[in-house]
Amino acid sequence: MEIKNKRVVLTGAAGGMGRILAAELVKRGANLAMVDANADALATLATKLSGTHPVQGNLSTAKGCNAVADQCLEKLGGIDLLINLAGINSFAAYEDENPDKIELMLHVNLLAPMWLARAFLPLMQENNSGRIVNVGSVFGSIGFAYFSVYSASKFGLRGFSEALRREVADTNIKITYIAPRAVKTPMNSDALMRMGEATKMNMDAPEDVVQKIIAAIDNDRKDIYFGFPESLFVRINVLFPRLVDKALAAQNRIARAFAKGEQ
Ligand SMILES: NC(=O)c1ccc[n+]([C@@H]2O[C@H](COP(=O)([O-])OP(=O)(O)OC[C@H]3O[C@@H](n4cnc5c(N)ncnc54)[C@H](OP(=O)(O)O)[C@@H]3O)[C@@H](O)[C@H]2O)c1
């Protein structure tokens, strides 16, 4: 899809990856609605990116998503591209997860992309064109210890993307699923960053990930999995999950100490 002159809705626009992706979309001539919960960060970004439309909203409820969708449509007059980037994570032992945080994570990471897709899909169907980009994670294909809720939300998002892609296969509407490995952004807590160092976890720069997201849109990619060996592990996990159990066992033991706050 050519981005120039397209009406684009980007969620999580004021976040670590979002603000870089927003700038890149503007550079490429998109008419951009930038959605985020963080009003101050959004206002600062909108000042930098003239001509964009900031939409402050909370994606953790269906009502909030519908309100955001209405505002975006009012500002853009339609939609060609929805990028579901907003997300939250948690690095913790499952027994320590707070029930409210579990619910919030499933709402923001899984239900919000589904609610927004539902709000915009009829318009795309009317025009018989459009693209929905769902940003998942490698953890949506490999269940990672101490990221059980996050993994569950991203597994769900991958399943939704695959099913919806098959559902619209006979139309000109396209669904792209993006699965980055770890990225250096404020999403990751200090404990997670220290665990990443201790386990030699690969971490990409947000600028590089953004370029790959743009390339996936340019090249009409169905899905992309980032980095080696992570993308290979994704395939091995499908065919030989016990091998991945073994490969991750030592890392899981190190991660536990960080997740429990003992390191
Ligand atoms: N960073 C990584 O290691 C990594 C790896 C793989 C995949 N990903 C995925 O990439 C995406 C972007 O991540 P990132 O690293 O850029 O995260 P980030 O820096 O934390 O940015 C996320 C943005 O989403 C916003 N947001 C959170 N909850 C919201 C809600 N209820 N309503 C509206 N906006 C909300 C946040 O606002 P607040 O600041 O107000 O919370 C923040 O501006 C996420 O889907 C994430 O799962 C990230």
Side-chain angles (χ1 to χ4, degrees), residues 9-24 33-46 54-69 71-72 82-91 100-101 103-116 133-142 144 147 149-158 160-161 176-193 195-197 201-210 212-213 216 223-227 230-231 234:
V9 173
L10 170 65
T11 72
M17 270 189 255
R19 65 190 76 160
I20 301 168
L21 183 52
E24 194 60 36
M34 306 188 297
V35 179
D36 207 284
N38 189 330
D40 291 343
L42 197 56
T44 307
L45 188 65
V55 175
Q56 197 271 335
N58 185 349
L59 300 172
S60 66
T61 64
K63 200 171 159 203
C65 288
N66 288 333
V68 158
Q71 282 188 67
C72 290
L82 165 65
I83 307 178
N84 283 310
L85 179 71
I88 50 177
N89 80 357
S90 175
F91 168 55
D100 291 341
K101 180 82 189 277
E103 206 173 324
L104 181 66
M105 214 176 324
L106 291 172
H107 276 285
V108 176
N109 293 2
L110 176 58
L111 290 177
M114 293 175 72
W115 284 319
L116 289 176
V133 175
N134 290 326
V135 179
S137 164
V138 162
F139 290 9
S141 298
I142 302 173
F144 252 75
F147 292 91
V149 185
Y150 183 73
S151 288
S153 70
K154 297 296 187 177
F155 265 71
L157 186 61
R158 182 168 60 85
F160 171 64
S161 306
T176 299
Y177 176 75
I178 309 256
R181 60 184 181 184
V183 190
K184 286 176 206 137
T185 73
M187 169 179 266
N188 297 321
S189 64
D190 284 351
L192 195 162
M193 294 300 282
M195 181 276 287
E197 268 174 41
M201 186 183 270
N202 292 316
M203 284 221 170
D204 291 319
E207 291 79 5
D208 294 343
V209 177
V210 162
K212 286 183 181 154
I213 295 174
D223 45 37
I224 47 167
Y225 294 82
F226 288 54
E230 290 79 1
S231 52
V234 165

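In listed order, ligands and their atoms are each counted from 1. All values reported here derive from a predicted model rather than from experimental measurement. We count residues from 1, following the sequence as given.
Between Leu10 and Val35 there is no side-chain heavy-atom pair separated by less than 4.5 Å. Two residues are said to be in side-chain contact when any heavy atoms from C-beta on lie closer than 4.5 Å; Ser141 and Tyr225 meet this criterion. Side chains of Asn109 and Val149 form no contact here, defined as non-hydrogen atoms less than 4.5 Å apart. Residues Leu106 and Leu111 have side chains not in contact (no heavy-atom distance under 4.5 Å, counting atoms from C-beta outward).
For the residue pair Glu230 and Asn202, a side-chain donor N or O sits within less than 3.5 Å of a side-chain acceptor on the partner.
Across the listed options His107, Lys184, Met187, Met203, Met187 owns the non-hydrogen atom lying nearest to atom 13 (O) of ligand 1. Of the candidates Asn109, Ile178, Ile88, the one placing a heavy atom closest to atom 27 (C) of ligand 1 is Ile88.
The protein non-hydrogen atom at the shortest distance from atom 3 (O) of ligand 1 is Val183 N, 2.8 Å. Among all non-hydrogen protein atoms, the one lying nearest atom 43 (O) of ligand 1 is Asp36 OD2, 2.7 Å. Among all protein heavy atoms, the one lying closest to atom 35 (C) of ligand 1 is Ala37 CB, 3.8 Å. Atom 15 (O) of ligand 1 has its closest protein heavy atom at Thr185 OG1, 2.5 Å. Looking at atom 21 (O) of ligand 1, its nearest protein heavy atom turns out to be Gly15 CA, 3.3 Å.
Ser153 contributes no side-chain N or O that, together with a main-chain N or O of Leu110, makes up a donor-acceptor pair within less than 3.5 Å. Remark: the backbone N or O of Tyr150 is not paired with any side-chain donor or acceptor of Asn89 at under 3.5 angstrom.
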What do the steps show when you test Asp204 against Arg181 for salt bridge (charged side-chain N to carboxylate O under 4.0 Å, His left out), and what is the final call?
CA-CA 7 Å; Asp204 291 319; Arg181 60 184 181 184; 2.9 Å; yes
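With a 4.0 Å heavy-atom cut-off, ligand 1 is reached by the side chain of Asn188 but not by its N, CA, C or O. The parts of Leu59 lying near ligand 1 are both backbone and side chain, judged by heavy-atom distances below 4.0 Å. Of all the heavy atoms of Tyr150, the ones lying under 4.0 Å from any atom of ligand 1 belong exclusively to the side chain. Contacts of Asn38 with ligand 1, taken as heavy-atom pairs under 4.0 Å, involve both backbone and side chain.
At least one heavy atom of Gly57 lies less than 4.0 angstrom from ligand 1. Distances shorter than 4.0 angstrom do not occur between any heavy atom of Ala112 and any atom of ligand 1. Leu85 counts as a contact of ligand 1, since one of its heavy atoms falls under 4.0 Å from the ligand.
Some N or O of Met17 is nearer than 3.5 Å to an N or O of ligand 1, by distance alone.
Of all heavy-atom pairs between Phe226 and Ile178, the closest is CE1-CG2, 3.4 Å.
Ring geometry for Phe144 versus Phe139: interplanar angle under 30°, hence parallel rather than tilted (30 to 60°).
Within the 4.0 Å cut-off (strictly below), a protein heavy atom is located near atom 37 (O) of ligand 1.
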